[in-house]
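Worksheet: one structure, shown below.
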Amino acid sequence: GNNEEASTSSGSSGEGAEKKELTVQFVPSQNADTLEAKAKPLEKLLSDELDRAVKVSVSTDYNTIVEAMASKKVDVGFLPPTAYVLAKDQGAADVILQAQRYGVNDKDGSPTDELVDSYKSMFIVKKDSGIDSLEDLKGKKIGYQNVTSSAGYVWPAASLMDVGLDPLKDVQPVTLKGHDQAVISLLNGDIDAAVTFQDARTIVQKDYEDVFDQTKVIHYTEPIPNDTVAVQSDMDEDLRKEIQEAFINIGKDEEGKKIIRDIYTHEGYVKSDDSKFEIVREYGEKVKTE
Amino acid sequence: MNNILLQSPKRTGKKIRNGAILAIVIAIYIWAFAGMPALEFKDTSKEIVSAIFSGLLHPDWDYVYYPDGEDLLRGLLDTLAIALLGTVIAGLLCVPFSFWAAKNIVKNKGISGAGKFVLSFIRVFPDIIMALLFIKAVGPGSFSGVLALGIGSIGMLGKLFSEDIESIDLGATEALVATGANPIKAIWFAVLPQVLPSYLSFLLYRFEINVRAATILGVIGAGGIGTPLIFALSVRDWERVGIILLGIIIMVAIIDFCSGKIRARLT
Amino acid sequence: MIEFKNVSKVYPNGTKGLNNINLTMQKGEFIVVVGLSGAGKSTLLRSVNRLHEVSGGEIIVNGKSITKAKGRNLYEIRRDIGMIFQNFNLVKRSSVLRNVLSGRVGYHSTLRMMLGMFPQHDKELALKALDRVNILEKAYSRADELSGGQQQRVSIARALAQEAKIILADEPVASLDPLTTKQVMDDLKRINEELGITTVVNLHFIDLARQYATRIIGLRAGEVVFDGSVDEATDEKFAEIYGRPIQDEELMGVAK
Amino acid sequence: MIEFKNVSKVYPNGTKGLNNINLTMQKGEFIVVVGLSGAGKSTLLRSVNRLHEVSGGEIIVNGKSITKAKGRNLYEIRRDIGMIFQNFNLVKRSSVLRNVLSGRVGYHSTLRMMLGMFPQHDKELALKALDRVNILEKAYSRADELSGGQQQRVSIARALAQEAKIILADEPVASLDPLTTKQVMDDLKRINEELGITTVVNLHFIDLARQYATRIIGLRAGEVVFDGSVDEATDEKFAEIYGRPIQDEELMGVAK
Amino acid sequence: MKTVQVKQNKTVHYNKMSSKKVKHILTFILLLLFIYLSGKQVEFSLSSLATGLPNMGDLIVQMVPPNWAYFSNITAPILDTLRMAVLGTTFGALLAIPIALLSARNIFQTKLITIPARFVLNLIRTIPDLLLAAIFVAIFGIGPIPGVFALTGFSLGIIAKLIYESIESIDKGPLEAMTAVGANKVKWIMFGVIPQVLPQYISFVLYTFEVNVRAAAVLGLVGAGGIGLFYEQTLGFFEYDKTSSLIVYTLIVVLIIDYISTKTREKLV
Ligand SMILES: Nc1ncnc2c1ncn2[C@@H]1O[C@H](COP(=O)(O)OP(=O)(O)OP(=O)(O)O)[C@@H](O)[C@H]1O
Ligand SMILES: Nc1ncnc2c1ncn2[C@@H]1O[C@H](COP(=O)(O)OP(=O)(O)OP(=O)(O)O)[C@@H](O)[C@H]1O
Ligand SMILES: [Mg+2]
Ligand SMILES: [Mg+2]
């Protein structure tokens with residue numbers, strides 16, 4: 001019954017419940033330095049793999065995608081880890097896959113040749129600031145992202161708590177919109193330290209060339225799980241399997257890989273399950289503001 | 001001739017009241033300015049502003065048309081469709097609200113006040129939540145954008161339009177009443193022709209706003225050129241931003257030109 | 001027949017518009033109401049079709065109390081009263097024909113009127129009314145393209161098309177040239193005589209009043225200070241209506 | 001002194017407003033312009049201070065060609081010409097005093113006017129002008145609170161405060177009651193006589209024209225068809241100005 | 001004779017009428033066609049709206065009742081927002097005056113002035129708030145200042161557009177009177193135009209102020225604080241009861257502004 005609602009219009013292959021159109025929504029992860037707002041290429045890849053009509057849309061706000069999954073209007077969603085956990089806890093989504101990326105060289109932000117399913121966040125300060133460790137941040141202005149952001153708030157806040165600093169009270173928190181904005185605010189002295197994914201400085205490098213010379217990293221956080229591919233909770237097992245395989249195949253196929261890399265900066269997908277996200281819940285609990 | 005008249009005869013009570021209002025206004029400005037930090041130009045401003053402008057001045061022409069879709073033209077077309085439908089929906093739905101809220105049509109102050117309240121309520125409802133509601137209903141995509149814009153625009157259109165209704169010449173209405181017309185007939189024959197030009201002008205104005213509201217809808221994936229614009233802004237791809245902006249500017253200019261022509265016809 | 005029974009009107013700001021008026025206007029009379037600016041002429045006229053609510057007393061129009069009528073009944077009484085306004089009150093942006101046709105809306109259902117479906121008969125009636133006031137050729141012009149005199153005639157045509165039994169005219173000839181004035185007054189008179197329509201006209205011009213009226217009513221400060229035939233309305237009577245108690249400030253320099 | 005030299009005016013839509021007008025108006029004259037609606041009276045008046053651009057010919061005001069003047073010169077010529085409009089043209093929402101003061105703006109620097117700093121002298125002048133038309137006590141009322149006659153007097157006061165040498169009045173008494181009409185006309189006449197201000201008035205009323213004018217100009221279809229003293233303006237002449245070649249459609253039913 | 005005349009006239013006019021009518025009908029059909037095509041483009045479907053409508057209920061249920069306790073948390077950001085709105089609206093309103101005057105065709109008859117002025121106005125209105133914000137943040141750093149400037153640009157666009165249209169519809173009479181009095185352009189505007197449009201101007205400024213209070217999202221985006229950030233946060237944690245507190249709080253503020261604006265307008269009109 002619910003699948004019926006999920007499919008807004010039946011495409012060319014609209015016969016039988018199995019062949020209902022699949023709706024997919026993509027929310028880019030925060031740690032991407034190139035983005036294309038494109039849906040068509042993925043649509044084509046997936047419908048070839050699944051042999052059914054697929055409708056892909058892109059959005060930058062994961063709240064909407066979770067709500068849409070909860071009301072069965074979206075079948076498959078690309079969710080960042082924190083968003084996934086919230087969605088799961090609402091009974092709206094189950095993770096089936098995680099995206100893989102190349103790791104990041106600590107030194108200059110360039111990619112390594114090792115595929116990973118997690119990324120890190122980091123604290124950066126100005127080179128000449130005299131701040132060398134997390135402890136030095138006491139009383140300083142720190143640029144966070146929204147409190148729901150894994151790399152922009154949750155993980156760094158946990159790091160601060162590990163060294164005994166309250167992330168909101170022992171430093172002066174400043175909320176910024178966008179990791180690029182955080183780097184720029186650091187550069188122009190509005191804040192003393194910024195937390196960003198690794199390595200957001202490459203985005204700003206386009207506009208401000210010597211950003212790597214002017215800033216330094218004082219701390220890396222624990223690894224943060226990569227983006228998930230989650231499906232709405234009512235989906236039957238068979239379809240889940242099909243979708244899992246489809247994504248994995250796309251990641252292995254040369255042409256498919258090129259597309260997901262160019263557009264979504266993904267290198268491939270691996271199976272995943274909810275247990276991998278316990279860490280997200282833990283961290284969430286740990287830094288919960290109220 | 002009496003010289004007393006050289007002084008304005010405003011009563012002292014009124015003078016005190018005006019003085020008090022002035023004092024309050026000044027206090028508000030002091031309060032507002034006091035909350036502002038000192039104005040300073042940041043070190044990064046030169047590089048970054050010049051990067052932005054050089055990007056804007058060298059738009060990414062390739063983006064205008066891709067054979068396989070998802071380019072500027074397709075995005076603008078989608079935006080245009082969303083804005084047009086959103087405006088049509090709002091244009092139809094705002095009419096009953098406007099008459100409800102106009103105090104020269106609904107003589108009972110309480111009832112017209114309630115109409116005004118409803119319009120205010122619609123206006124404070126943030127676009128993003130409006131869109132969220134419709135995404136839950138019909139799923140993400142242009143259709144939810146249309147509905148969000150359509151319902152969200154009622155607040156503003158209703159307010160402007162009801163104020164316009166309040167300012168019409170009631171003489172013609174009186175003439176209709178005198179012939180024995182009931183209120184609906186009187187509105188139809190005497191009010192509507194008078195407010196039609198400004199109604200259409202508000203609609204065209206709102207249409208243009210809705211075209212630009214695509215930016216906001218883009219955040220939540222409700223279709224149109226907004227999504228690529230947000231993506232380009234967030235990765236600081238200024239060339240892409242430049243071409244999208246150029247596209248919007250040209251589209252808005254065309255709309256403005258056409259709406260000017262239409263309005264000239266109407267008045 | 002119009003009957004005023006102890007009619008009073010106090011405006012919300014306290015101004016007394018009418019003060020205990022008792023009058024009976026017979027069918028077929030041509031009544032001219034005269035009086036200074038602010039005497040209450042407009043208030044009197046507008047009370048008849050209840051464009052103003054009176055504050056006391058009752059007005060009976062053709063046997064029915066308009067002051068007590070409600071809804072449909074009220075609309076129907078009004079349908080039988082045509083009104084010509086000083087400032088025409090045309091819908092400027094609509095065509096002349098549509099303005100005239102709007103006099104007919106009282107006869108048809110609301111839905112029908114919203115669809116603008118006037119029967120052929122109404123259109124003919126409207127065109128005939130326009131023809132009668134000699135501006136048939138302007139039928140499809142927009143009302144605001146007409147000169148003042150022409151607009152006034154459209155508003156007369158509207159009242160004619162309404163097939164009213166009573167016509168109220170509030171200063172119908174102000175700002176018209178003498179020729180047009182004569183035309184408009186002649187036309188009102190003719191309608192009055194030919195169709196037996198009771199006509200009540202507010203006027204500022206004594207000579208016109210004398211020329212056209214069968215009966216003259218003089219108002220001052222909301223009260224009837226004269227009511228009689230043209231013969232009785234001597235120059236002295238007029239002086240009384242207008243003249244004597246003029247406040248000092250109403251006089252300009254010379255008079256001092 | 002106002003001189004019209006071969007003045008013509010064709011409206012953009014092709015209507016001939018004025019057709020080769022040649023006139024000389026002497027200082028101190030009280031001229032009444034009469035003519036049918038649409039004869040070109042307003043057009044004539046509005047050409048004098050160039051509210052309308054003429055299409056041909058030249059108009060000389062006190063020795064200077066207003067049709068050729070530009071910028072400052074134009075403003076200064078206009079400053080010396082007061083105009084009274086039929087529909088008053090007051091800023092409804094401003095006070096009476098401010099409306100009258102606005103007649104003085106030609107005398108002061110732009111900056112000063114932007115700050116609204118009128119000298120004491122101007123205020124006195126404005127109040128005197130209001131006193132002269134007997135509505136001094138309304139000085140601080142808003143213009144839209146006044147009755148029509150009072151608004152007309154404000155517009156006369158504005159022209160007076162302007163200390164103009166010429167006054168143009170376009171149907172200044174339309175829609176006024178007979179008493180106010182007399183007051184307004186008396187006042188114009190008095191100003192004309194006392195201050196020697198050249199006065200040109202458009203009127204529809206023959207008797208008023210005869211009573212007040214020193215000279216009457218009759219227009220028809222944009223041409224001067226009569227120009228002479230009051231004595232010369234016999235009833236026959238008026239009939240000629242107004243009457244004879246009236247188009248059929250201008251006549252209402254009765255006349256046929 | 002007469003009837004013939006009537007008939008002649010009738011036919012002539014009906015003919016005239018029909019060509020106009022055809023034009024109207026064609027325009028109408030064209031509009032319907034556009035609407036139809038747009039409907040296809042966005043996949044308009046009343047049935048999916050009808051079946052999906054109950055889903056909205058889930059969300060609305062979560063929004064009521066608002067979390068009253070949250071009110072105390074958001075008072076400070078609301079005040080911040082108000083502060084920025086006050087300044088942004090003021091600057092925008094001041095800058096709008098010259099642009100609106102230059103754009104109005106009854107003030108400047110020559111297209112040489114009105115067309116460039118309108119072009120500038122269009123340009124200002126087209127720049128998305130986000131870009132405006134990005135530029136100002138780059139110049140002035142984070143904080144309320146770029147917020148104020150972004151709102152200035154935003155208000156300028158709204159007010160100038162609305163006000164120039166009302167200037168174009170003012171009563172010509174007083175303008176003529178000012179011309180006749182010998183006023184130059186500036187005096188003419190001061191005494192003929194400004195008093196006539198002042199009520200609308202004030203009403204539009206207050207309206208824009210209200211819009212600016214709601215434009216919190218923009219302010220949040222430039223890191224200027226304000227309530228935009230809080231919308232994002234509460235939505236991010238799916239705390240809809242708090243979101244509705246934000247809405248209610250804003251509604252209260254807006255209603256107060258509305259009340260003041262109505263009173264002010266009544267005093268002025
Ligand atoms: N809406 C109103 N509110 C308050 N007072 C009013 C209103 N309308 C008219 N009056 C006052 O009522 C009195 C009678 O007004 P009315 O309009 O009947 O006069 P009138 O005889 O028609 O004058 P005029 O010849 O100037 O048209 C006047 O003193 C007027 O000021
Ligand atoms: N703006 C205009 N555009 C086109 N034609 C006009 C315009 N103003 C006036 N006319 C025409 O010019 C002619 C002269 O008009 P004008 O206003 O001077 O007449 P008038 O003598 O003042 O008439 P009235 O007594 O009705 O005021 C008329 O035929 C009129 O229709
Ligand atoms: Mg009256
Ligand atoms: Mg005229």
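Keep in mind that what you see is a predicted model, and the values were worked out from it rather than measured. Scope of the values below: all heavy atoms of this structure, side chains included, with no hydrogens, waters or symmetry mates.
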- Rounded to the nearest 0.5 Å, what separation is found between the OG1 atom of A/T175 and the CD atom of E/Q233? 6.5 Å
- Can you establish whether the number of heavy atoms outside E/F34 located under 6.0 Å from its atom CZ is more than 12? no
- Message: My understanding is that only one of A/T64, A/N63, A/V66 makes a side chain to side chain contact (heavy atoms under 4.5 Å, CB included) with E/L235; could you say which?
- Response: A/N63
- Message: Can you tell me if A/Q90 has over 12 outside heavy atoms packed within less than 6.0 Å of its CD?
- Response: yes
- Message: If you define the side chain from C-beta out and look only at heavy atoms, does anything of E/E43 sit under 4.5 Å from A/K55?
- Response: yes
- Item | Non-neighbouring partners of E/F238 that pass ring pair (Phe, Tyr, Trp, His ring centres under 6.0 Å), sequence neighbours left out | none
- When rounded to the nearest 0.5 Å, the distance separating NZ of A/K72 from CG of E/N55 is 9.5 Å
- Would you give the length of the straight line joining atom CG of A/N146 to atom CZ of E/F230, rounded to the nearest 0.5 angstrom? 10.0 Å
- Item | Residue list, ring pair (Phe, Tyr, Trp, His ring centres under 6.0 Å) with E/F209, at least two apart or on another chain | none
- Message: Tell me if the NZ atom of A/K44 is crowded by more than 12 foreign heavy atoms within 6.0 Å.
- Response: no
- Does the side-chain contact (heavy atoms from CB on, under 4.5 Å) test come out yes or no for E/D58 and A/E67, once each step is laid out? CA-CA 10 Å; E/D58 302 348; A/E67 287 298 344; over 6 Å; no
